[in-house]
Amino acid sequence: MSILVVGSVALDSVETPFGKADDVLGGSAVYFSASASHQTPVQLVGVVGDDFPVEKLEALSARGVDLAGLEHASGPSFRWRGRYRHDLNSAETLETRLGVFSHFRPKIPDQFKSAEYVFLGNIDPRLQLDVLQQVAKPKLVACDTMNFWIESRREDLLALLEHVHIITVNDAEARQLTECANLVKAARWILERGPHTVIIKKGEHGAFMFTSDSIFFAPAYPLESVFDPTGAGDSFAGGFIGYLARTGNTSKASLRRAVVHGSAMGSFVVEGFSVTRLLEISRADIDARVADFHELVSFDKTLGG
Ligand code: AMP
């Protein structure tokens with residue numbers, strides 16, 4: 001089952017303690033697609049400007065990402081510049097240039113309108129809602145957002161929440177959105193506004209999944225070297241929704257396995273700049289990492305012995 005994703009298609013310039021990359025392929029829709037395409041075909045909706053090196057997207061098409069919904073507009077592409085210091089959990093945004101994104105009105109190709117799985121990647125919540133209104137009858141809608149939109153489009157974001165089943169945010173975003181310091185309370189606040197499932201990612205400290213009657217936690221994979229954390233959140237979402245779409249199973253047990261698949265994909269992407277690692281790995285690598293997660297957290301709960 002394919003997934004429809006809308007999000008940014010970007011040129012990122014990133015500085016980490018381990019190196020620097022300029023104008024590399026990035027954006028929420030790109031990371032999501034590179035990750036989810038390991039599980040299932042992806043239909044991408046986004047926009048690039050006339051300065052975008054479109055040949056960089058060929059690797060995505062080769063992986064089963066349908067780019068029919070990628071608009072080529074005249075003007076500069078979306079650009080994001082960020083820096084990570086030694087705390088790799090938080091990106092410092094140095095510059096966001098919306099470029100062609102500021103006039104973008106997503107137009108979903110007819111062949112994408114019957115999508116059952118929809119991921120509304122991190123872009124203006126008004127565009128996220130616009131996309132949703134063009135999809136006929138989605139079975140599962142998930143969304144992401146970030147501080148930039150929580151600050152500038154709060155009301156639109158709250159309106160969007162009423163229409164999504166799952167939201168993925170990081171801990172700082174959850175606190176900012178809900179104005180609750182406590183993450184359990186923050187999750188409850190969000191659950192009362194629409195989504196039945198809230199995922200709160202905590203970078204190297206793992207990810208929580210909250211529903212009205214359960215909490216699940218998956219650790220982050222204990223990597224020895226993290227190179228560039230950019231895209232970890234979107235790659236997590238790609239693994240998570242990708243797994244649900246591939247299996248067609250949204251039971252409690254499947255959602256838990258999906259969180260672990262998301263964590264596995266987040267752990268791969270941070271091993272290199274841009275989407276490099278996601279394009280190198282195979283399903284066998286992913287399965288092996290999921291098995292490592294299982295080993296990492298399993299223990300015998302019987303007393304003594
Ligand atoms: P993350 O998965 O949270 O690390 O997201 C990283 C990606 O988000 C980068 O590749 C950026 O291009 C993209 N990004 C940064 N700021 C924004 C924004 N305001 N709107 C949409 N995408 C953004």
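Each ligand, and each atom within it, is numbered from 1 in the order the structure gives. Keep in mind it's a predicted model, so treat the numbers as computed, not measured.
- Between V259 and Y243, every side-chain heavy-atom pair lies at or beyond the 4.5 Å cut-off.
- Among protein heavy atoms, the minimum distance from atom 15 (C) of ligand 1 is reached at W80 CD1, 3.3 Å.
- The backbone and the side chain of T230 each have at least one atom closer than 4.0 Å to an atom of ligand 1 (non-hydrogen atoms only).
- The two residues R154 and Q176 make their nearest non-hydrogen contact at NH1-O, 3.9 Å.
- Residues F18 and V226 fail the side-chain proximity criterion, which asks for heavy atoms closer than 4.5 Å.
- Contact check for F236 versus I199: side-chain heavy atoms found under the 4.5 Å cut-off.
- For the pair R289 and D292, the salt-bridge criterion is not met [side-chain N within less than 4.0 Å of a carboxylate O].
- Here the protein heavy atom with the shortest distance to atom 16 (N) of ligand 1 is M146 SD, 3.3 Å.
- A salt bridge (charged side-chain N to carboxylate O under 4.0 Å, His left out) with D23 is found for one member of K56, R81, R79 and no other, namely R79.
- The residues E95 and R97 are annotated as salt-bridged, a charged nitrogen and a carboxylate oxygen being separated by less than 4.0 angstrom.
- Ring-plane geometry between F32 and F119 is classed as parallel, the angle between the planes falling under 30 degrees on a 0 to 90 degree scale with a further cut at 60.
- The N/O atoms of S28, backbone and side chain alike, include none that comes under 3.5 Å of an N/O atom in ligand 1.
- Using bins of under 30°, 30° to 60° and over 60° for the plane-to-plane angle, the ring pair F227/F273 lands in the perpendicular bin.
- Under a 4.0 angstrom heavy-atom cut-off, F236 registers as lying outside contact with ligand 1.
- Looking at S8, its side chain never comes within 3.5 Å of a backbone N or O of A10 through a donor-acceptor pair.
- Counting atoms of ligand 1 from 1 in the listed order, those under 4.0 Å from a heavy atom of A232 are 2 (O), 4 (O).
- Of all the atoms in ligand 1, the ones that sit under 4.0 Å from a non-hydrogen atom of F148 are 19 (N).
- Residue G26 places no N or O, backbone or side chain, under 3.5 Å from any N or O of ligand 1.
- The contact set between ligand 1 and A10, taken as ligand atoms under 4.0 Å from a residue heavy atom, comprises 12 (O).
- Contacts of A91 with ligand 1, taken as heavy-atom pairs under 4.0 Å, are absent altogether.
- What sits closest to atom 5 (O) of ligand 1 on the protein, heavy atoms only, is D234 OD2, 3.0 Å.
- Protein heavy atom in closest approach to atom 21 (C) of ligand 1: N122 O, 2.8 Å.
- A 4.5 Å side-chain heavy-atom check between T230 and Y84 finds at least one atom pair inside the cut-off.
- The protein atom (non-hydrogen) at minimum distance from atom 20 (N) of ligand 1 is W149 NE1, 3.3 Å.
- When only non-hydrogen protein atoms are considered, atom 4 (O) of ligand 1 lies nearest to G231 N, 2.7 Å.
- Side-chain atoms of D144 and K201, non-hydrogen and from C-beta on, do get closer than 4.5 Å to each other.
- From the protein, the heavy atom lying nearest to atom 13 (C) of ligand 1 is S8 OG, 4.0 Å.
- In terms of N/O distances under 3.5 Å, ligand 1 is not approached by Y31.
- Residue T96 places no N or O, backbone or side chain, under 3.5 Å from any N or O of ligand 1.
- In terms of polar-atom proximity, defined here as any N/O pair under 3.5 Å, G27 does make such a contact with ligand 1.
- Between G233 and ligand 1, at least one N/O pair is under 3.5 Å apart.
- Proximity of F101 to ligand 1 is not established, as no heavy-atom distance is less than 4.0 Å.
- Using a 4.0 Å cut-off between charged nitrogen and carboxylate oxygen, D285 and R283 do not count as a salt-bridge pair.
- D12 OD2, 3.2 Å is the protein heavy atom nearest to atom 9 (C) of ligand 1.
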